[in-house]
Amino acid sequence: MVVISPFSEAPSSSASSTRAHRYDVFLSFRGLDTRLNFTDHLHKALVNANITTFLDEEEIETGEDLKPELENAIKASRSSIIVLSKNYASSRWCLDELVIILEQHKNSNHIVILIFYHVEPTDVRNQQSTFRDSMVEHKQKMQANENVEERSKLTKKMENWKKALREVADLKGKNANGW
C-alpha cells in the first residue's frame, strides 16, 4: 500500500529549504504510455491529498513555449515523480526533463520519486529493450542532421540523456508492473 500525504515544511535555517515552491510535485511521464491510466490516477490522488501538482496539459497555456515552461515548473517544484515507462526515452521532452530534474536533485533539496511502469531498472540503466531502440532512433535523427553545429549540440544532449538514464535507474524506485 502507498500512502500519499501532503508535504510539510521542515524547520530549517537554510535559505534553500525555506524558499517558497509553487508546486509540491512535478510529474514527468510519457503521455503515450500513461496519461490516460496510471498517471491520471496518480495525479487525481495527489490533488485529492491537497498536494499541488504540475501536470503539463493543465498548467501550460496553449501557445506558450514548452521547454522554458517545463524547466521553470521543475525548478519551482519541491519534488518530482518520474514515471519511467516503455516509451519514456522516445520523447526528447521527457529526456530533457529528466536531465533538469536530476540537476535539481543534485544542486538543491529536490526530492525524486521514481516509478518503473512496466519496465525494469536494468533496461533503463543499460539502455536495453525499448530504451535502446529509442536511443538508436535519436542517434539516427542526430546523424541525419546536416547542420554540423546542430549535430554537435544533439551529440552532447544525447550524452546527457544516457548519463541521466543510468543515474536515475540507480535511485530507489517503486515497481508498478501490477497496474
Exercise for the section: Flag the pair Arg78 and Asp24 as a salt bridge only when some basic side-chain nitrogen lies within less than 4.0 angstrom of an acidic carboxylate oxygen. Expected result: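 Result for this pair is yes, salt bridge flagged.
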
Practice task
Please check if atom CD in Glu146 has more than 12 non-hydrogen atoms from other residues, nucleotides or ligands closer than 6.0 Å.
Solution key: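 Not more than 12 within 6.0 Å, no.
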
Any donor-acceptor N or O pair under 3.5 Å, side chains [X], [Y]:
X	Y	value
Ser90	Ser134	no
Asn145	Glu150	no
Arg22	Ser77	no

Could you give the distance from [atom1] ([X]) to [atom2] ([Y]), rounded to the nearest 0.5 Å?
X	Y	atom1	atom2	result
Arg30	Ser91	CZ	OG	4.5 Å
Gln104	Phe26	CD	CZ	11.0 Å
Leu55	Leu27	CG	CG	6.0 Å
Asn72	Tyr23	CG	OH	9.5 Å
Ile111	Ile113	CD1	CD1	6.5 Å
Leu95	Asn160	CG	CG	10.5 Å

Taking the side chain from [X] and the backbone from [Y], do they hold a donor-acceptor pair closer than 3.5 Å?
X	Y	value
Thr53	Ile51	yes
Asn147	Glu149	yes
His105	Ser79	no
Asp33	Asn87	yes
Ser152	Val148	no
Asp123	Val119	no

Any side-chain heavy-atom pair of [X] and [Y] under 4.5 Å:
X	Y	result
Phe38	Val83	yes
Lys86	Phe131	no
Ser28	Ile101	yes
Ile115	Phe29	no

Problem - side-chain contact (heavy atoms from CB on, under 4.5 Å) between Leu114 and Lys172, intermediate numbers included - result: CA-CA 7 Å; Leu114 191 57; Lys172 183 174 167 94; over 6 Å; no

Problem - CA sep, side-chain torsions, deciding dist, call: Glu137, Asp133, side-chain contact (heavy atoms from CB on, under 4.5 Å) - result: CA-CA 6 Å; Glu137 191 172 313; Asp133 298 343; over 6 Å; no

Practice task
Over all heavy atoms of both residues, which pair between Leu154 and Arg92 is shortest? Give the atoms and the distance, please.
Solution key: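 Reported closest heavy-atom pair: CD2-NH2, 3.1 Å.
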
Practice task
May I ask whether Trp93 and Leu84 are part of the same hydrophobic cluster, defined by side-chain heavy atoms of I, L, V, M, F, W, Y residues being less than 4.5 angstrom apart, directly or through others?
Solution key: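 Yes; tracing contacts between hydrophobic side chains, which count when under 4.5 Å, links both residues.
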
Practice task
Report the C-alpha distance between Tyr88 and Ile82 in whole Å, list the side-chain angles of each, state the deciding distance to 0.1 Å, and finish with yes or no for side-chain contact (heavy atoms from CB on, under 4.5 Å).
Solution key: CA-CA 10 Å; Tyr88 186 90; Ile82 304 169; 3.7 Å; yes

Practice task
Kindly indicate, with the supporting measurements, whether the criterion side-chain contact (heavy atoms from CB on, under 4.5 Å) is fulfilled by Phe116 and Val124.
Solution key: CA-CA 9 Å; Phe116 295 97; Val124 178; 4.2 Å; yes

Problem - side chain to side chain donor-acceptor pair (under 3.5 Å) partners of His110, counting only residues at least two apart - result: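 With sequence neighbours excluded, His110 shows a side chain to side chain donor-acceptor pair (under 3.5 Å) to Ser80, given in chain and number order.
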
Mind listing the side-chain donor-acceptor pairs of residues 161-171 below 3.5 Å, one per line with the distance, residues two or more places apart or on another chain?
from	atom 1	to	atom 2	distance (Å)
Trp161	NE1	Asp96	OD1	2.9
Glu167	OE1	Lys106	NZ	2.9
Glu167	OE2	Lys106	NZ	3.2
Asp170	OD1	Arg125	NE	2.7
Asp170	OD1	Arg125	NH2	3.4

